[in-house]
Amino acid sequence: MKKKLVIFDLDGTLLNTIADLGNATNHALEQCGFPTHPVPAYTKFVGNGVRKLMERVLPESARTPEQVEAMLVHFREYYDAHLTCDTHPYNGIPELLEQLTQRGIAVAVASNKYQAAVERLINHYFPDIAWAAVEGQKEGVPVKPDPSIVFEILGKCPTPKAEVLYVGDSGVDMETARRACVDSAGVTWGFRPVAELREYRADNIIEVPSAILRLCAI
């Protein structure tokens, strides 16, 4: 069925944010006296929100609520000041978003990154796109793969589920789409391997952004 709404994950799908996320997390680790990680290693740490990222990078013996909170303070202070330093859209994404909106297909963002950062990134990199909804992590709302964020978007942009496509780069995203009962597309250019997308039963696996146009026309 033709799609009228495409919901995009942010990190690893629309934007390559891994360097800025890694640098900010390493800054927090340094400030708290812990060893850092190579930036490429952060592709296996991200995906479930910033709080979970802080837990994963800490030594197991240091993963206390108090230490995670301290890490979060240092992370946000640094990330808020540097979130666009080394981040960039993936090739073909700006053109895809423009073509979707020109065809009358609504576009939205569903991210586990905190809301303020999501809004800043979207406004910075895609200022000319008329987004139907831009949703990040908010206090009191479960993070993906809980489907609440998808339902929040559908509340702002009412669309039959059969006419919705959810696009992401991880098993978390594929599971979010499954729980929300919408079709999924796993992208191969993001942070996670294709094997993970298959493991989490992606309905479609795409290698280039332009392929999303074809999925929306089926």
Side-chain angles (χ1 to χ4, degrees), residues 7-91 93-94 97 108-127 129 131 133-146 149 167-173 176 187 189-193 196:
I7 301 174
F8 290 93
D9 171 52
L10 181 62
D11 300 74
T13 302
L14 295 177
L15 297 175
N16 186 343
T17 56
I18 206 67
D20 286 325
L21 287 170
N23 290 336
T25 308
N26 280 341
H27 170 79
L29 287 166
E30 289 174 347
Q31 293 300 305
C32 293
F34 296 105
T36 60
H37 301 275
V39 168
Y42 278 92
T43 58
K44 69 176 183 287
F45 294 135
V46 299
N48 296 87
V50 176
R51 183 176 297 277
K52 182 60 70 173
L53 171 61
M54 298 301 105
E55 292 178 9
R56 287 172 175 162
V57 299
L58 283 166
E60 190 168 349
S61 61
R63 295 173 185 173
T64 65
E66 295 78 14
Q67 189 60 70
V68 170
E69 287 298 328
M71 286 280 293
L72 281 168
V73 170
H74 291 298
F75 171 89
R76 288 195 60 160
E77 181 182 62
Y78 186 97
Y79 191 68
D80 286 345
H82 300 88
L83 79 174
T84 60
C85 289
D86 293 301
T87 287
H88 56 84
Y90 288 100
N91 290 338
I93 287 295
L97 295 173
V109 172
S111 175
N112 273 345
K113 178 171 284 172
Y114 55 96
Q115 182 71 26
V118 172
E119 292 177 357
R120 285 184 58 195
L121 288 166
I122 289 298
N123 291 335
H124 181 84
Y125 289 104
F126 311 111
I129 299 299
W131 297 93
V134 175
E135 302 299 327
Q137 189 273 324
K138 302 171 185 173
E139 288 297 323
V141 179
V143 297
K144 300 183 295 184
D146 185 283
I149 194 168
V167 181
D169 71 307
S170 71
V172 169
D173 292 308
T176 302
V187 307
W189 58 79
F191 300 158
R192 295 288 204 260
E196 180 174 312

Subject >> Closest non-hydrogen atom pair, F45 against A41 >> reply: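 Heavy atoms of F45 and A41 come nearest at CD1-O, 3.6 Å.
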Do the side chains of [Y] and [X] get nearer than 4.5 Å, heavy atoms only?
| X | Y | result |
| --- | --- | --- |
| E30 | T36 | yes |
| W189 | N91 | no |
| V118 | V109 | yes |
| Y79 | T25 | no |
| D86 | I18 | no |
| D80 | R120 | yes |
| F8 | L97 | yes |
| T17 | K113 | yes |

Subject >> Candidates L121, V134, L15 - the one meeting side-chain contact (heavy atoms from CB on, under 4.5 Å) with F126 >> reply: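 The single option meeting the side-chain contact (heavy atoms from CB on, under 4.5 Å) with F126 is L15.
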**OP:** Give a yes or no on whether K138 atom NZ has more than 12 heavy-atom contacts from other residues, nucleotides or ligands under 6.0 Å away.
**Re:** yes
Atom pairs and distances, donor-acceptor, side-chain atoms in residues 67-78, under 3.5 Å, two or more places apart:
{"residue": "E69", "atom": "OE2", "partner": "R51", "partner atom": "NH1", "Å": "2.6"}
{"residue": "E69", "atom": "OE2", "partner": "R51", "partner atom": "NH2", "Å": "3.0"}

**OP:** Say whether D173 and T176, considering side chains only, have a donor N or O and an acceptor N or O under 3.5 Å apart.
**Re:**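 No, no side-chain donor-acceptor pair sits under 3.5 Å.
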